2 protein chains.
Amino acid sequence: MPEVVAQQVKSDVGLASALRSSTLRLSRQIRRQRVEGVDLTANQLGVLGALGKHDAMTIGELAAHEQVKPPSMTRIVSNMEEAGLVARRPHDTDKRQIVVELTESAHALLHANRRRRDEWLQTKLKKLTPEERDILRKAAPVLERLAAT
Amino acid sequence: MPEVVAQQVKSDVGLASALRSSTLRLSRQIRRQRVEGVDLTANQLGVLGALGKHDAMTIGELAAHEQVKPPSMTRIVSNMEEAGLVARRPHDTDKRQIVVELTESAHALLHANRRRRDEWLQTKLKKLTPEERDILRKAAPVLERLAAT
DNA sequence: TATTGTTATACTCTATAACTATA
DNA sequence: TATAGTTATAGAGTATAACAATA
């Protein structure tokens, strides 16, 4: 019954509720799409994503970002280093700190994951009507603004 | 530079990419909003959500849904039972199976979480322009359709 | 003296294998 | 004989406490 949905969405309460449920559901499906053969833990994926954005971070920064304690992050980074995903190097000025960076293969993995998810989403978008795609095209910049703040 | 965004979104590739990144980012922020004082593990939250949708599920169904092995689900359910979130009862016809249901307080918790997230989203929506909200109102049913399939 | 990261140790969570009850 | 759930045991991951190096 699309009328019900449309009516709910007229109010701001209904809009928030509709956006919440569809965003959460869609995100779960997107997250499921990733390159096979490489199985990482949730925290490893988090570190990968954080380093993909911030380029270089210290152990402490990564621990705070992923909400784990420093000793745990030491271990996580060590495992990822063994797997060839990250590299440690000394901080430029503060010799106590350790800077962690992504390796080339980790960058490639991130890129491949992103591509796979986009391809999956594209096939889903193809199943919509042209009018629906138009609506989403207009909504995309708004959603980006909503997510950015 | 909004022009760049608008131009990217003209193609289906750009639309998929924009939807992917904004959906994932927004969902992370939504997930962060929840009632305080009640800290549950990811799997406990998953069980809570699954039971919220399907009302009553067996241990085996929950294990498959949360992608853990039956012995792990036995433990998860036992912990949640101690916390007063779920209750076990025997299956109506098959005495081997155990049916798990949410307690009243778990229903209340789910409801409170949903409300908190909606309120948070509403304050974010208020910061948009009326035109942007209109665009989202039109897009909401499309997003629900996209997430539903 | 404070801070960053690591090591040592204990605890929690999950999986595999074995067991019990029911189909 | 097969299936659903539980129990026993081992392995992976995280946290707290103690430690080393540097600020």
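The model shown is predicted, which means the values in this text are computed figures rather than measured ones. Throughout, protein chains are lettered first and strands after them, A, B, ... in sequence-line order, and every chain is numbered starting at 1.
If you take NE2 of B:His91 and P of D:dG5, they are 10 Å apart, rounded to a whole angstrom. Counting to the nearest Å, the C1' atom of C:dT7 and the CD1 atom of A:Ile98 are 15 Å from each other. Whole-Å rounding puts the A:Asp39 CG to C:dA15 P distance at 13 Å. Taking atom CG of B:Asn79 as the reference point, atom C1' of C:dT12 lies 10 Å away to the nearest angstrom. Computed from coordinates, the A:Glu81 CD to C:dG5 C1' distance equals 13 Å when rounded to whole Å. With rounding to whole Å, B:Asp92 atom CG is found 16 Å from C:dA23 atom C1'. Between the P atom of D:dT7 and the CE atom of B:Met73 lies a distance of 16 Å, rounded to the nearest Å. Between A:Arg75 atom CZ and C:dT9 atom C1' the separation is 12 Å, expressed in whole Å.
DNA chain C is contacted by no residue of residues 42-49 of chain A, taking any non-hydrogen atom closer than 4.0 Å. Residues from residues 58-66 of chain B with heavy atoms under 4.0 angstrom of DNA chain C: there are none.
Here the side chain of B:Ser22 pairs no donor or acceptor atom with the backbone of A:Leu146 at under 3.5 angstrom. Under a 3.5 Å cut-off, the side chain of A:Arg20 and the backbone N or O of B:Leu121 do not form any donor-acceptor pair. When atom types are taken as modelled, the side chain of B:Lys127 and the backbone of A:Thr149 share no donor-acceptor pair closer than 3.5 angstrom. Without hydrogens or angle criteria, B:Arg137 side chain to A:Leu15 main chain gives no donor-acceptor distance under 3.5 Å. Although no hydrogens or angles enter the test, the distance criterion places no donor-acceptor pair under 3.5 Å between the side chain of A:His111 and the main chain of A:His107.
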Tell me, with the steps shown, if B:Glu81 and B:Arg75 meet salt bridge (Lys or Arg N to Asp or Glu O under 4.0 Å). CA-CA 10 Å; B:Glu81 199 173 21; B:Arg75 198 190 159 102; over 6 Å; no
Any chance you could lay out the salt bridge (Lys or Arg N to Asp or Glu O under 4.0 Å) test for B:Asp118 and B:Arg115, step after step, and finish with the verdict? CA-CA 5 Å; B:Asp118 284 357; B:Arg115 250 193 74 167; over 6 Å; no
Detail all sub-3.5 Å separations between protein N/O atoms and N/O atoms belonging to nucleotides 16-21 of chain C.
none

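Residues B:Leu45 and B:Leu102 share a single hydrophobic cluster, defined by chaining ILVMFWY side chains whose heavy atoms lie under 4.5 Å apart.
Residues B:Asp92 and B:Arg89 approach most closely at OD1-NH1, 3.8 Å, considering heavy atoms.
Under the side-chain contact (heavy atoms from CB on, under 4.5 Å) test applied with A:Val100, the options A:Ile76, A:Leu85, A:Val86 reduce to a single match, A:Val86.
For the pair A:Thr74 and C:dG5, the criterion of a side-chain N or O lying under 4.0 Å from OP1 or OP2 is not met. Listed pair A:Arg88 / C:dT6 meets the phosphate criterion, a side-chain N or O lying under 4.0 Å from OP1 or OP2.
With a 4.5 Å cut-off on side-chain heavy atoms, B:Arg88 and B:Val99 do not count as touching.
No contact: A:Ser78 has no heavy atom under 4.0 Å from any strand.
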